[in-house]
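The structure appears right after this line, and notes come after that.
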Amino acid sequence: MLTRFLTNLHSRGASFLPWVLAPSLNGFLFALRTTIAACLALGIALWLELDSPIWAPMTVWSVAQLTRGESLSKARWRIIGTLIGGTAALVFIGIYPQAPWLFFPLIAVWIGLCSGFATFVSNFRSYALVLSGYTCAIICMDIVPETNNIFMFAVSRASYIILGVLCEAFIGLLFAFNQDHRAHISVRQKLESALTLVCNTLYHILRQDRGAITEARNLFGTILSINDQIEFSELEMGVHGHEGDHARAALAAVSALLSRSFGMATRLELLSSNHKDFDTVIAAFIQFLQHFSKRLPQESEISELLAELQHLRDLCRRYATPHRLIPLTPTDPTTPTEDSLITNSALDERILFSSLGDLIGDLEEAITEYHASTHTIRGDHFQFQRHTHRDGRLAFNNGFRAALAVLVTSFIYEVTAWSNGNTLISITALICGLFATKENPVLGTIKFLKGLAVAWCVAWLLCFVFIPMVTTYEPLIIILSAAMMLGGLARANPATAPAAAAYNLLMPLMLGIQNHHIIDESKFYNTTLAIMLSGVTAVLIFRSILPFNRKAEAFRLRKATLRELRNLASLGSTPHISAWIGHNTDRFSRLLRHATTITPLVEAGIQGTLATLTLGLNIIRLRGLLNREYLPESARRPITLVLYYIEHSSRRHDRAARLTRAAIRRLRELDTQDHEAIIRLEITRALTHLVVIEYTLRTNENFLDASEPFRGEGPITTPPPQPPTLQELEST
């Protein structure tokens with residue numbers, strides 16, 4: 001009977017709180033090591049008799065992350081942000097020590113600038129910037145009653161931070177078993193996963209299977225998340241070479257390969273018709289892709305994979321190279337007979353071979369960089385810079401909201417003269433800083449507020465029931481450990497992680513632990529009231545001031561994409577494929593993150609975004625052909641005209657589409673003339689890109705119209721209208 005009762009109790013509890021009664025091993029180890037580090041930091045702070053010892057365990061919970069790489073990165077940037085914020089506090093107190101109506105706006109502007117600029121960087125570099133903002137506010141607000149001690153207070157606050165960081169790093173090191181080896185394995189597995197997924201997708205695209213494009217677009221978010229994790233794995237490796245740079249370069253090549261596959265799908269749809277040689281080569285490539293996932297993890301197979309790709313690429317180059325079946329008659333080179341020339345079908349086949357060769361080249365580059373990332377190369381100085389989209393509007397919104405929150409709480413402090421008004425300002429600045437760089441901070445702040453409510457309940461129980469029962473450090477740590485373990489387990493559970501972040505960070509502050517006394521009722525309720533009001537203020541600010549609007553964001557991101565697209569077509573710019581892919585991958589992942597449900601409008605927007613990405617890549621490669629100067633002037637002029645109309649078309653692109661069709665017809669006729677092999681090969685390559693550009697311009701006119709929000713009109717699939725004549729093209 002008792003056994004059955006305990007079994008039922010466990011099953012019910014496991015279904016209600018599985019992260020407490022049945023946590024994962026990684027989650028349990030995270031909670032255990034962070035709890036030990038926090039208790040160690042608190043013990044050292046109490047032993048040193050620091051004036052605010054509770055900030056040491058707060059720092060531990062602030063920097064602790066589920067992986068060691070994330071913890072090390074956050075710890076490093078937290079120290080940097082603390083030093084910058086402390087220096088700013090010294091300067092601001094020195095400038096306006098007795099002028100609150102100048103002092104508070106100055107702090108608000110500082111926090112606004114930090115929050116705004118934090119939007120332009122990624123990972124914990126962003127955290128360092130917002131930290132420098134709210135650290136300055138915390139130091140300034142805590143020292144307001146006694147500004148003469150600003151230097152000592154800033155030094156002591158930095159001491160708490162460094163103590164907490166060192167304790168977390170020390171305990172984390174004890175729990176890090178064979179960390180560098182596991183980090184190398186982790187990077188390798190992530191890259192293998194990305195390469196396998198993209199090759200499987202490419203396999204389905206080349207077979208022209210249904211749903212292949214939909215499968216391909218979902219990989220961009222996966223690639224972006226892997227890119228973020230590589231930075232943290234680098235720190236876990238310790239002293240290393242440039243494996244991380246090669247890993248990022250491999251992911252960039254995977255992104256380029258994935259993007260090029262969309263153009264390949266378009267060419268297969270438009271040009272695939274009874275090409276025996278091409279069908280033979282593509283069948284061999286499909287067979288290569290079919291066994292790729294089993295061969296890639298084997299070190300001995302890398303050279304074989306590259307050799308097979310090189311052989312396939314050589315075949316594509318050979319078949320893409322123009323040749324004549326019958327020589328032209330030398331007496332009348334301007335009027336060749338029909339039988340003396342390669343047919344349009346043969347030219348289409350050369351276009352397909354040229355495109356397939358480029359596709360294989362991207363895969364070859366991805367495998368080469370993947371192999372370089374798996375081991376240290378002596379004398380390697382390779383570096384790779386990742387490009388992300390910088391949203392100026394989002395940066396302004398984040399900075400303005402954070403600054404306004406500080407001004408509102410400062411006004412409340414000045415009007416009410418509340419003794420804990422400085423805590424209200426400090427914690428509001430902290431919460432706004434933490435969520436300032438979030439694209440949709442409303443959801444995060446609401447969960448954060450729920451975590452504050454739970455923290456208040458636990459802190460009340462500890463302060464008025466358990467802590468008064470003890471007088472020494474050892475039983476105090478036992479009591480706190482139970483509460484901290486609970487928070488650590490919740491932090492390791494994705495569903496409760498946002499609320500647990502508030503619980504772990506601010507619950508110790510509510511306790512107000514000191515060396516020689518415990519917190520009384522008045523101070524407890526005043527402190528916790530200020531903290532709770534800070535959470536409420538942050539939620540109200542984020543909900544009411546420049547609130548997040550998914551439709552407005554989608555319109556803004558689309559305008560940014562189209563503006564960059566027009567810049568790619570400008571002959572005065574120098575476009576880079578890595579920057580174009582990086583910016584668009586970042587924008588695309590944001591659209592997917594904020595799309596709670598895939599509606600027809602969202603689906604059309606995703607299709608348009610990927611079509612624009614493919615369009616831009618072909619424009620960049622077409623620009624590269626113009627820069628090589630092998631094309632004759634008769635071929636360069638129609639291409640230049642196409643680029644001009646793309647650059648200057650912000651609304652309707654039908655004119656650019658018609659000119660692209662005319663350029664295709666012109667280049668097809670030029671291919672029939674007696675040119676050198678290199679010139680005809682360049683004409684073939686130009687046609688490879690123009691075919692995709694024309695199709696994309698024609699089928700995505702609604703999405704490419706930057707003058708108004710996209711209303712979800714799908715791609716246009718009607719047959720193309722008649723292009724202008726050559727005389728019209730020449731006279732334009």
Side-chain angles (χ1 to χ4, degrees), residues 55 59 62 74 77-121 124-158 160-161 390-414 421-438 441 445 505 530 534 537-538 541-542 545-546:
W55 279 92
T59 300
S62 176
K74 193 171 185 179
W77 288 108
R78 182 174 178 86
I79 291 177
I80 294 174
T82 299
L83 296 177
I84 296 175
T87 303
L90 290 174
V91 174
F92 294 164
I93 289 291
I95 295 177
Y96 298 114
Q98 301 295 333
W101 292 106
L102 295 175
F103 176 67
F104 290 131
L106 184 62
I107 294 179
V109 170
W110 169 255
I111 292 177
L113 290 175
C114 291
S115 300
F117 283 115
T119 310
F120 295 144
V121 293
F124 294 119
R125 288 174 289 274
S126 173
Y127 173 73
L129 280 171
V130 297
L131 178 70
S132 63
Y134 68 73
T135 296
C136 172
I138 291 172
I139 293 176
C140 289
M141 291 303 102
D142 285 353
I143 204 60
V144 161
E146 197 176 352
T147 55
N148 291 332
N149 295 327
I150 176 62
F151 180 77
M152 293 303 299
F153 188 84
V155 171
S156 65
R157 182 53 50 84
Y160 307 144
I161 302 300
R390 294 182 177 180
D391 194 337
R393 179 65 181 182
L394 182 62
F396 172 80
N397 291 353
N398 291 336
F400 182 78
R401 283 193 298 253
L404 184 62
V406 172
L407 290 177
V408 169
T409 50
S410 300
F411 179 77
I412 295 174
Y413 178 47
E414 282 294 312
N422 55 345
T423 304
L424 174 65
I425 299 173
S426 302
I427 305 303
T428 301
L430 185 149
I431 297 174
C432 289
L434 290 176
F435 291 97
T437 56
K438 306 294 183 182
T445 49
L505 181 62
S534 298
T537 303
I541 290 292
F542 284 120
I545 306 301
L546 301 175

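- The closest side-chain heavy-atom distance from Phe103 to Ile93 is below 4.5 Å.
- Separating the CG atom in Leu131 from the SG atom in Cys136 is a distance of 11.0 Å, to the nearest 0.5 Å.
- In this structure, the side-chain hydrogen bond (donor to acceptor under 3.5 Å, both in side chains) partners of Thr119, at least two apart in sequence or on a different chain, are Asn398.
- Counting heavy-atom neighbours within 6.0 Å of Phe117 CZ, excluding the residue itself, gives a total of 12 or less.
- For Asn397, the side-chain hydrogen bond (donor to acceptor under 3.5 Å, both in side chains) test picks out no residue, with sequence neighbours left out.
- A side-chain contact (heavy atoms from CB on, under 4.5 Å) with Thr59 is found for exactly one of Ile161, Thr82, Ile79, namely Ile161.
- Considering all non-hydrogen atoms of both residues, Ala538 and Ile431 come closest at CB-CG2, 3.6 Å.
- Nearest approach of Val130 to Ala118, heavy atoms of both residues: CG1-CB, 3.6 Å.
- Here the OG1 atom belonging to Thr428 is positioned 13.5 Å from the OH atom belonging to Tyr134, to the nearest 0.5 angstrom.
- In this structure a side-chain-to-backbone donor-acceptor pair under 3.5 Å is present from Trp110 to Ser132.
- Remark: Thr135 engages no residue in a side-chain hydrogen bond (donor to acceptor under 3.5 Å, both in side chains) (not counting sequence neighbours).
- Looking only at distances, no side-chain donor or acceptor of Ser115 sits under 3.5 Å from a matching main-chain atom of Gly112.
- Put simply, the side chain of Tyr127 reaches to within 4.5 Å of the side chain of Leu434, judged on heavy atoms.
- The two residues Ala429 and Ala137 come nearest to each other via the heavy atoms CB-CB, 3.8 Å.
- Annotation: side chain of Ile545 is in contact with side chain of Phe400 (closest heavy-atom distance under 4.5 Å).
- Shown here for Ala403 and Ala108, the closest heavy-atom pair between the two residues is CB-O, 3.2 Å.
- Distance check, rounded to the nearest 0.5 Å: SG of Cys140 to CD1 of Ile107 gives 4.0 Å.
- Leu546 has its side chain within reach of Arg393: a pair of non-hydrogen atoms, C-beta onward, lies under 4.5 Å apart.
- Across every non-hydrogen atom of Ala530 and Leu424, the tightest pair is O-CD1, 3.7 Å.
- Considering CG of Leu430 and CZ of Phe435, their distance stands at 9.5 Å, rounded to 0.5 Å.
- Considering CD1 of Ile425 and CG of Leu407, their distance stands at 10.0 Å, rounded to 0.5 Å.
- Expressed to the nearest 0.5 Å, how far CD1 of Ile139 lies from OG1 of Thr87 amounts to 8.5 Å.
- By the 4.5 Å heavy-atom criterion applied to side chains, Trp77 and Ser126 are not counted as neighbours.
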